[in-house]
Protein chains: 4
Amino acid sequence: MKTDVTSIVEDPDLVEKRRHQIVVAATQLFSEQGFYKTTIKDIAKKAGVSAGLVYLYVREKEDVLLLVLLQVVEAYAREIPKAMENFTDPLERLMRAVEAYCRVVDGHRAATVLAYRSTKSLSPDRRELIQQRETETNDIIANAIVACMKAGLIRKLNVDVLTYQLVLVAHGWALKSWYFKSRLTLEEYIVDSLDILLAGVLTPVGQLHRAELRDRDARNDLGPRNSRA
Amino acid sequence: MKTDVTSIVEDPDLVEKRRHQIVVAATQLFSEQGFYKTTIKDIAKKAGVSAGLVYLYVREKEDVLLLVLLQVVEAYAREIPKAMENFTDPLERLMRAVEAYCRVVDGHRAATVLAYRSTKSLSPDRRELIQQRETETNDIIANAIVACMKAGLIRKLNVDVLTYQLVLVAHGWALKSWYFKSRLTLEEYIVDSLDILLAGVLTPVGQLHRAELRDRDARNDLGPRNSRA
Amino acid sequence: MKTDVTSIVEDPDLVEKRRHQIVVAATQLFSEQGFYKTTIKDIAKKAGVSAGLVYLYVREKEDVLLLVLLQVVEAYAREIPKAMENFTDPLERLMRAVEAYCRVVDGHRAATVLAYRSTKSLSPDRRELIQQRETETNDIIANAIVACMKAGLIRKLNVDVLTYQLVLVAHGWALKSWYFKSRLTLEEYIVDSLDILLAGVLTPVGQLHRAELRDRDARNDLGPRNSRA
Amino acid sequence: MKTDVTSIVEDPDLVEKRRHQIVVAATQLFSEQGFYKTTIKDIAKKAGVSAGLVYLYVREKEDVLLLVLLQVVEAYAREIPKAMENFTDPLERLMRAVEAYCRVVDGHRAATVLAYRSTKSLSPDRRELIQQRETETNDIIANAIVACMKAGLIRKLNVDVLTYQLVLVAHGWALKSWYFKSRLTLEEYIVDSLDILLAGVLTPVGQLHRAELRDRDARNDLGPRNSRA
DNA sequence: CATGAATGAGATTTCATTCAT
DNA sequence: AATGAATGAAATCTCATTCAT
């Protein structure tokens, strides 16, 4: 969770607060104009601080990008496990994970696209840091798939490929939002995507199990968000 | 095929030749270092010409990027129909299309990633040009899906979502090559990905039909590449 | 002893103490990295105070340099007369003066070099202040030479030139310490330098007189440091 | 003679010419205001070129300083041997060398002072380059002293110390010009300084020999510049 | 008195673009 | 058509200095 991005300022609360200001401003600007067309002065102005101040909280401009990207990948790493934690059924856990992933992406659409566009603008070590976090997130999905497989709900198949297909579902929502936005809601997108992919990978037992889950949710007023395994 | 990129030089053959030199050099450099870290001088040196010459064939640096990206999306628009043209069976056409897409992406891995990273570095009008071509390519896939649906091979579902899922399969090979390269061959990736997606979308009739296609290919020594519907 | 460098703080003892802290830190840093590469923060950190504090005792950064340089030239003005005060013989006074000069320089090697390098970094009025003190020191040497001349110990010659030659002997020890350090001790340097210069300027009477002084010192256990005229 | 300072521009004549422009402007500005207070824009303006141009001939600002300082130390290394080359008499060679040294210093007064002030502003490797050249120059003087010693003209003494005393005579003319300028001509300074130092180091034979040289010069109308051993 | 966060002016350096040759 | 030297605008980053606490 700790970054190597070091600050001249000591007070950790202040660092937190200032960095937040900077990251919020930078995320928007980077998304609109890209990393290189955004100047430190732009960021400072939008954040309501002086240009020099930025350098009290960051060593170089690239650190701002790192901070922005870390924010996203750490949102993934935080939100997805949280969405799964109250469920024990393997299939439900997998579906919750994908759903949560899509929702986090939706909440950070700009930054997700930014991650695709700008990770290579980072120096190798910073880039590795981001990719490592991303891999950790993917492992959560992969583990959920393996659990389904062990429970006989998903047929034997290449876990890496399915993992990436699910991940790309989530990322795709951000990457192609310019195309989807006028055609689908996020909920429809999630349901349709899962429909296609799960239909392709569930065993007959898995299909039955999925139908049961759907029935249970339909009986409860509570809706899927609060269901228990 | 026609670009708005105008050149001072008249002789169209020379323009063709010089632009090719420039695009080849630029593609490699943009992929390695990104658009902004690559200078016109870098490109000129790698292309074996002077910096000034570039400006005889291009009005601004961004035009070079446009030329590079056009090259990729036009490769898509050229190769995918070609891979389908000798086939009439709707399912086979769809599978050939996806396979061809993946192969073109593989042949332009660097440039495909570049498209994700750098399309936003273009001015709005140039960006639109690229996105329009991309949409055209997607339409080829979408039409193939619709054809399958009409033939009762694919069940009713959201065509846009499936289209994008298939497109993301192809792009994913480039985007995540750093992850896949050590784990899968391109062929395995294509087969596994189609396996998952088709299993999820084919109707019972479609499943049967797919099995037939597979049997036919297995009987021929020719292998799938030369089979006819 | 009085500087124009004014302080916001009233308590003179505190001013004294704080300035000492600052000067000690600054001397070392300026010597190692030069005036411009040394930041106020560097100085403050090494002095164990805050950056803001420095500005309670100094009006601008240049004042710190002035303080540092004043410290050296005032060490000259203090130490050299002290080394002469117990002697009345003109030749001995001159030799003591040069010897003392060399020793003070040795004790402030870094700051002496600094004076050569950085006096010009001062504003004109501050620079003049330093040069004036330096001239005062030189006058001490010049007067000692004139005394020897009047006593018939040194032949008629250009006093300014000899003065500067003697001064440069002292300064040279600091300026070229990178060259001398591995070849000579300070004592050897002083003896050899005086040997050369005095041999060149003493009258026959002066030569005899110098021999007498040397004999006297040799007879006393006391050694030259404590001898009386 | 060749520097590591590399230029983007190929044409060596142009490089020569531009660098000369730059060095002339920089020498004056560095001398007046010091290295750090002089901006690249100042230099460019005084040289009558654009700021960007400077960077076609130099990689960093520090390279300009290196170029300026090299110019001086190379003038030493060029002029001093030239002043000696037509003479074979060891004492005459030594005197010519010192005289030439003083004249070169006089011609580069500003840059000589700059060398004292600013050598430490160079990075270690560049600094070493300068100091090495300086040592080479000193070796010329040292060798001339040794030759006199072997010929029995100078008494046994520490060659390093005498070398530096003679070097400091030359440098002193620049370092203390603010003091000397109103009191002495360069010629008087040279004669008086040599008078003092040589009187102190010549053997009786050397003294006689020096007198002979002086007589010979006095007999010729030609004056010392054209005399032969 | 002391602190240290904040400011903002200013310097170096890069590079797209032009243009004389 | 081609070259490559020259320009000059713009961006990053540093740091002396101030000032609220």
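First the proteins, then the strands, lettered A, B, ... as listed; each starts at 1.
Within the nucleic acid shown, C/Asp11 comes within 4.0 Å of sugar-phosphate atoms alone, with no base atom in reach, counting heavy atoms only. No engagement by B/Ser7 is indicated, since no non-hydrogen atom pair under 4.0 Å with the nucleic acid exists.
When both pairing distances are held under 3.5 Å, E/dC15 makes a Watson-Crick or G-U pair with F/dG8. Nucleotide E/dA20 is matched to F/dT3 when pairs are restricted to Watson-Crick or G-U wobble geometry with both distances under 3.5 angstrom.
Put simply, CG on A/Leu53 is 15 Å from C1' on F/dT18, counting in whole angstrom units. Rounding to whole angstrom units, NZ of residue B/Lys45 and P of F/dA2 are separated by 20 Å. Remark: C1' of E/dT14 and NZ of B/Lys61 are 11 Å apart, rounded to the nearest angstrom. In this structure, the CD atom of C/Glu62 is 12 Å from the C1' atom of F/dA16, given to the nearest Å. One can place CD1 of A/Ile40 at 9 Å from C1' of F/dC13, the figure rounded to the nearest angstrom. Distance A/Gln33 CD to F/dA11 C1': 14 Å, rounded to the nearest Å. One atom, NZ of A/Lys37, and another, P of E/dA16, lie 13 Å apart when rounded to the nearest Å. Here the C1' atom of nucleotide F/dA2 and the CD atom of B/Gln21 are 12 Å apart, to the nearest Å.
Dashed line: the shortest gap from a side-chain N or O of B/Arg59 to OP1 or OP2 of E/dT17 is not under 4.0 Å. Close to E/dC1, at under 4.0 Å from its OP1 or OP2, lies no side-chain N or O of C/Arg18. Taking 4.0 angstrom as the limit, D/Tyr57 places a side-chain polar atom (N or O) nearer than this to OP1 or OP2 of F/dA6. Considering only side-chain N and O atoms, D/Tyr55 lies nowhere under 4.0 angstrom from the phosphate OP1 or OP2 of E/dT14.
Results of the side chain to side chain contact (heavy atoms under 4.5 Å, CB included) test with B/Ile130 over B/Val72, B/Leu70, B/Leu65 single out B/Leu70 as the only residue that passes.
Listed nucleotides: F/dA2, E/dT12, F/dT17. Nearest to the side chain of B/Leu14: F/dA2. Of the candidates F/dA2, F/dA16, E/dC1, the closest approach to any side-chain atom of B/Leu56 belongs to F/dA2.
Heavy-atom distances to DNA chain F give each of D/Glu10 and C/Tyr36 a nearest nucleotide, and the one nearer the 5′ end belongs to D/Glu10. Heavy-atom nearest nucleotides on DNA chain E were determined for C/Ser50 and for D/Phe35, and the one closer to the 5' end corresponds to C/Ser50. Nearest-nucleotide mapping onto DNA chain E: of C/Ile8 and A/Val49, the residue sitting toward the 5' end is C/Ile8. Positionally, the nearest nucleotide of DNA chain F for B/Gly48 lies more toward the 5' end than for the other of B/Gly48 and D/Lys17.
Using cut-offs of 30° and 60° on the angle between ring planes, the pair A/Tyr116 and B/Tyr116 is tilted.
For A/Lys17, the NZ atom sits in a loose shell: 12 or fewer heavy atoms of surrounding residues, nucleotides or ligands are nearer than 6.0 Å.
Side-chain atoms of B/Glu128 and B/Gln132 include no donor-acceptor pair closer than 3.5 Å.
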Can you list the steps and then say if D/Arg126 with D/Asp63 is a salt bridge (Lys or Arg N to Asp or Glu O under 4.0 Å)? CA-CA 9 Å; D/Arg126 275 182 275 236; D/Asp63 280 335; 2.4 Å; yes
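Judged by the 6.0 Å and 45° rule, D/Lys61 forms no cation-pi pair with D/Tyr55.
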